[in-house]
Amino acid sequence: MPKAEVERRVQDLLGKMTLEEKLGQLQQLDGSAAGDHSPELLELARKGRLGSTLNVRGAKRVNELQRAALQSRLKIPVLFAFDVIHGYRTIFPIPLGEAAAWDPAGAERTAAIAAAEAAAAGVRWTFAPMVDIARDPRWGRVAEGAGEDVHLGSVLAAARVRGFQGADPSAPDKVLACAKHWVGYGAAEGGRDYNTTDISEERLRGVYLPPFKAAVDAGVETFMSAFNDLNGVPSSANRRTLTGILRGEWGFDGLVVSDYTSVAELVNHGYAADGGDAARKALSAGVDMEMVSRLYNEHGKTLASAEVDEAVRRVLRVKLRAGIFERPFADEKAETVLLSAPFRDEARLSAARSMVLLENRGVLPFSKDMESLAVLGALADSRADLLGSWTGDGRAQDAATIREALREALPKTRLTDSLDDAAAAVVVVGETFDVSGEAASRSDIGLPSGQLELVRRAHESGKPYAVVLITGRPLAVPWLAENARALLLAWQPGTEGARAVADILLGDAVPGGKLPASFPRSVGQVPVYYAHKNSGRPYDAASKYTTKYLDLPNTPLYPFGYGLSYSSFELSGLAASDAAVSVDVKNTGARAGDEVVQVYVRGPAGGALTRPVRELQGFQRVTLAPGEKRRLDFALRPDAPGPWQVFVGTSSVGGLTGSFVHK
Ligand code: NOJ
């Protein structure tokens with residue numbers, strides 16, 4: 001719909017609305033209870049006092065409630081929201097895992113499939129992507145984002161927005177996207193979910209804001225205000241971020257929804273004296289729609305009417321752009337697309353591409369002619385743990401277990417659950433689905449107890465074995481790093497994840513993923529990330545008065561950008577000029593495989609602010625046949641005059657070095 005037409009219709013509706021109807025548009029309620037809609041929800045819809053719901057999905061349920069809303073005086077449809085985080089019914093790897101594929105086109109495809117499935121089930125708005133930069137793996141929600149890096153996070157934020165919304169979010173297979181959590185939520189002190197954040201202007205602008213800006217530039221229609229206290233002003237009442245930056249500087253004209261009861265929580269923060277104060281502060285700061293708590297409605301008469309009007313305008317504008325006036329109902333026959341074969345194929349591909357080979361001491365890939373194989377560890381028989389947190393309408397029973405997938409792939413091999421009579425072993429260890437994600441922070445990020453013993457037994461048997469790591473976060477696993485014969489990071493790989501694990505273990509797919517977040521040696525190193533500042537006393541293990549720990553190196557266990565392949569690659573011929581880099585990459589191994597070529601820069605000294613020792617500015621994942629060589633070009637974005645250093649490598653450590661002077 002043309003912009004002018006949208007604005008005309010918004011204005012027209014607004015002119016007809018009572019205060020109660022306006023406040024209704026600002027209310028989102030949780031309709032999650034299964035079975036019939038609550039009489040209250042239906043009643044509110046009929047009176048035009050329900051703007052949106054979360055968790056109501058399924059074409060029939062959606063339509064029932066929508067019919068009630070269309071009986072209201074002004075017939076404004078309800079907007080149905082749902083957390084479609086890494087798939088609706090076909091579950092893809094957790095976002096952190098998908099980030100490890102370094103494949104924006106792939107992330108766009110999986111978001112598009114998630115949108116198509118969700119839309120078929122009547123959902124019109126997803127609370128994704130989460131674009132919070134996270135540098136503390138204790139925080140369980142590290143699983144939901146793209147990891148530690150500003151550039152990778154920004155590229156994936158944009159790709160996911162494009163995948164969900166397409167060119168036009170009103171298309172029948174698209175949903176509105178939501179950039180969350182605005183802002184700084186990932187910087188929770190101590191990695192404890194919902195905790196306070198204290199973020200300098202420099203870090204806010206340099207680290208936390210850019211992925212949100214990328215989402216805005218990609219056309220994201222909605223934002224969610226976060227739970228965290230940001231520098232003493234909670235994010236859900238933070239006028240500077242919600243209005244000053246988002247609307248003022250960036251020109252965002254979509255809608256901002258609060259997080260779940262985050263308006264009411266302003267009282268707990270001690271920022272609002274009572275519910276009325278909370279409502280006034282949140283609305284006036286720029287939160288348009290209130291999720292679950294009802295303070296806007298309870299205190300509507302005390303809210304500034306111009307602010308109410310502006311919030312309603314934004315809600316209606318987004319509803320019009322979402323096409324729900326033209327097409328309020330879901331097609332009750334469309335759900336047949338759920339879990340269709342091409343979606344499952346994409347899930348298997350994206351899972352395989354997300355996996356990171358951390359170690360391989362001559363063990364992988366396993367031969368398919370093995371006579372026997374032990375499959376060990378409780379996670380080898382789990383389905384739910386492969387899906388991770390936020391599974392939409394995904395079902396554990398849709399997923400094969402890793403044992404089942406290996407059985408499918410190895411029809412002639414005897415699978416056992418005992419090492420004794422096996423030629424080799426696969427040991428599946430890591431986290432269950434419920435210890436990452438929201439409200440699932442951990443102070444200890446080692447392997448859960450008992451699992452290391454299992455690996456050690458395999459190790460001591462002297463037989464070849466591979467460890468498969470299922471996890472929602474980076475883990476501190478120094479023993480595995482040092483000893484495991486092979487270590488495959490599979491994340492929580494989704495509905496087809498088990499088959500992707502088998503594909504990789506048996507060489508039907510070649511691992512090519514790279515870490516989107518550093519793996520610490522121990523939790524005591526956290527936060528550890530590659531784009532750190534140099535400090536005045538840079539790390540030097542041999543000298544006392546430098547920045548370091550006495551008991552650990554500063555380096556992580558595995559650096560950002562790291563990952564092995566079954567093949568090998570060589571970079572050469574680096575040419576760096578002002579704003580451009582090119583390099584040759586050659587597959588020097590005996591197998592076709594993927595390499596992710598990464599370009600980092602270090603900006604000139606002497607500017608107004610210090611700069612990280614390295615910052616990613618470009619990457620390309622390429623597939624090369626054995627012996628194949630390709631020249632890759634990258635565009636850089638130097639933002640200051642002076643000498644720039646360039647590092648081109650296959651992780652954030654080492655690589656070819658070059659330089660250029662930016663005029
Ligand atoms: C709370 C979470 O913080 C947010 O990410 C999610 O979208 C909402 N709940 C709705 O489920």
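Predicted model, so just to flag it, every value in this text is computed and none were measured. Numbering of ligands and ligand atoms starts at 1, following listing order. Basis for what follows: all heavy atoms, side chains included, without hydrogens, waters or symmetry-related copies.
Ser170 and Arg327 form no side-chain donor-acceptor contact under 3.5 Å, judged by distance and modelled atom types alone.
Partners of Lys174 under the side-chain hydrogen bond (donor to acceptor under 3.5 Å, both in side chains) rule, at least two apart in sequence or in another chain, do not exist in this structure. Here Gln66 pairs with nothing under the side-chain hydrogen bond (donor to acceptor under 3.5 Å, both in side chains) rule; sequence neighbours left out.
Among the candidates Phe80, Trp125, Tyr260, Phe82, the single residue satisfying the side chain to side chain contact (heavy atoms under 4.5 Å, CB included) test with Leu54 is Tyr260.
Ligand 1 lies under 4.0 Å from heavy atoms of Leu54, Asp83, Phe127, Arg141, Lys180, His181, Met224, Phe227, Asp259, Tyr260, Met291, Trp390, Glu438.
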Return all side-chain donor-acceptor pairs below 3.5 angstrom for residues 267-276, not counting sequence neighbours, or 'none' if the list is empty.
unit_1: His269; atom_1: NE2; unit_2: Phe227; atom_2: O; d: 3.0
unit_1: Asp274; atom_1: OD1; unit_2: Gly276; atom_2: N; d: 3.2
unit_1: Asp274; atom_1: OD1; unit_2: Asp277; atom_2: N; d: 2.9

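Listed for the Glu144 side chain is no donor-acceptor partner under 3.5 Å among the backbone atoms of Met130.
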